[in-house]
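Notes follow once the structure below has been shown.
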Amino acid sequence: MATVDIKIPPLGESISSGILATWHVKDGDVVKKDQPLFELETDKITSEGLAEAAGKISLKAAAGAEVKIGEVVASIDTSAAAEQSEGGEQKSEPKAPESGDDQKAPAPAKETPKSDAVSPAVRRIAAETGVEPGGVPGSGKGGRVTKGDMLAAASAPAVSAAVSAAPASALPPSAPVVSPPSTGRRSRRKMSKLRQTIANRLVSAQHEAAMLTTFNEVDMSAVMDLRKKYQDDFTKKHGVKLGFMSFFTKAVVHALREVPSVNAQIDGDEIVENHYYDVSMAVSTEKGLVVPVVRNCDQLDMAGIEKAIGEVAKKARDGKLALSDFEGGCFTITNGGIFGSMLSTPIINAPQSAILGLHAINERPVALNGQVVIRPMMYLALSYDHRIVDGKEAVTFLVKIKQAIEDPSRLILSV
């Protein structure tokens, strides 16, 4: 009997273990090569383990267990695949027609993915939305349909309209909701590895840094007018919408150049000065907040920044971020305004020295040239490490951003 061991693959120098979050197969199932077997959740990313060969699988680790890199979590008996293949070939021999040539062969049925070819998340979304995985172009390995593909297909106008217009009796039944075991009015579930790491790092940042937050407000009229004037032409030329994040990213790069102490960090008893502009972008996902990095923001134009942000955000939502996507960021932007936040004090993304918090845009009365006028205003918050950034530098940095947003021509002139 030939067997192939399924081991936890190496995921990076800083990762030594993970949580085997979910098995996509059952003990004794016959699997295909490159079929998704399990989801591994680490303190940074969630990855899938694939079958290295076809055959009958034997599970050696339970879902929810902590496993080490290199640990054997399953084995595959490849002889079972050979026996099934031989049996399938005997069954697939063509049968000669019994009647004349005028008899037409029945049309082949539309091929749909087998239940073991898609993940449980895909099956759940299919049951809830009515979107068939067989009709969705797959972006995964070997054309496999991913959760992100299903969500994108479900959000398409045609699909949404069709589902909403269908009678209740025609819609597929929703997948049963399994509640965690509870006693009385409470329930418990294990904290994910990602959530544990987020919690530890946030507490660590507050304990290790002399964190302080300064605030300002910015009039968004100029940026909003520019977007309204050029949005259609911008979208037509670049294939991406012009958002607020590209303006703020350019403003951050401009301010980092003007106040270089913000683009530095403490390492022991040394100050490390960064001479590049890789900006971390906070992205909210189902499993928690992640901060992938957009590289070389000083070298990208507005369209390039919008595309780069869109790409890392999609990878974050689809769970496809790699370790390299988190490394090297020198400053972070977080936008709580998309959830309606009016004001907050963001926590520094260590080992960086500062983070900019954006908030909701609200029309407010402001004094302008001796008159009270209504303007779309946003509060800005800059949290910084006071050990390396002085108050004067922090305020100057925030003022530079305010000036660049209220008068975007400054970004072109670098003033």
### Query
Where do Pro346 and Met211 come nearest, in terms of heavy atoms and distance?
O-SD, 4.3 Å
### Least distance between heavy atoms, Asp385 atom then Ile348 atom
N-CD1, 3.4 Å
## Note on the structure
In terms of heavy-atom contacts, Leu358 and Met245 come closest through CD1-SD, 3.8 Å
### Query
Do other residues, nucleotides or ligands put more than 12 heavy atoms under 6.0 Å from Asp390 CG?
yes
### Query
What do you reckon, is NZ of Lys7 surrounded by more than 12 foreign heavy atoms closer than 6.0 Å?
no
### Message
Using a 6.0 Å distance limit plus a 45 degree cone around the ring axis, check whether Arg364 lies over the aromatic ring of Tyr379.
### Response
yes
### Task
Write down the atom of Cys297, the atom of Lys250, and the distance for their closest heavy-atom approach.
O-NZ, 3.5 Å
#### Entry: Nearest atoms (heavy-atom pairs only) where Val389 meets Ala394
CG1-N, 3.9 Å
### Message
If we ignore hydrogens and angles and just use 3.5 Å, is the side chain of Glu71 paired with the main-chain N or O of Lys68 as donor and acceptor?
### Response
yes
### Task
Count the heavy atoms belonging to other residues, nucleotides or ligands that lie under 6.0 Å from CD1 of Ile271, then report whether that count exceeds 12.
no
### Query
Do Glu306 and Ser246 have side-chain N/O donor and acceptor atoms under 3.5 Å apart?
yes
## Note on the structure
Minimal heavy-atom distance between Ala251 and Leu411, with the atoms involved, is CA-CD2, 3.8 Å
### Message
Taking Lys400's backbone N and O only, do any of them form a donor-acceptor pair with His254's side chain (distance below 3.5 Å, no angle check)?
### Response
no
### N/O donor-acceptor pair under 3.5 Å between Asp278 side chain and Asn296 backbone
yes
### Query
Should we say atom NZ of Lys33 is surrounded by more than 12 heavy atoms from elsewhere, each under 6.0 Å from it?
no
### Message
Between Glu258 and Thr396, is there a side-chain donor-acceptor contact under 3.5 Å, judged purely by atom types and distance?
### Response
no
### Message
For Ser261 and Glu393, which I'm curious about, is there any donor-acceptor pair between the side chains at under 3.5 Å?
### Response
yes
### Query
Hey, does the side chain of Asn263 reach the backbone of Tyr276 with a donor-acceptor pair shorter than 3.5 angstrom?
yes
### Query
Would a distance-only check, ignoring hydrogens and angles, find a side-chain to backbone donor-acceptor pair under 3.5 Å from Glu52 to Val4?
no
### Query
Are a donor atom and an acceptor atom from the side chains of Thr213 and Ser383 found within less than 3.5 Å of each other?
yes
### Query
If only atom types and distance count, is the side chain of Asp29 paired as donor or acceptor with the main-chain N or O of Lys26 below 3.5 Å?
yes
### Task
Count the heavy atoms belonging to other residues, nucleotides or ligands that lie under 6.0 Å from CD of Gln231, then report whether that count exceeds 12.
yes
### Query
Would you find a donor on one side and an acceptor on the other, under 3.5 Å apart, between the side chain of Glu406 and the backbone of Asp219?
yes
#### Entry: Full working for salt bridge (charged side-chain N to carboxylate O under 4.0 Å, His left out) between Asp318 and Lys314
CA-CA 6 Å; Asp318 294 347; Lys314 185 178 187 303; 2.8 Å; yes
### Query
Do any N or O atoms from the side chain of Arg375 and from the backbone of Met220 form a donor-acceptor pair under 3.5 angstrom?
no
### Task
Determine, for Tyr277 and Arg257, whether the Lys NZ or Arg CZ falls below 6.0 Å from the six-membered ring centre while staying within 45 degrees of the axis.
yes
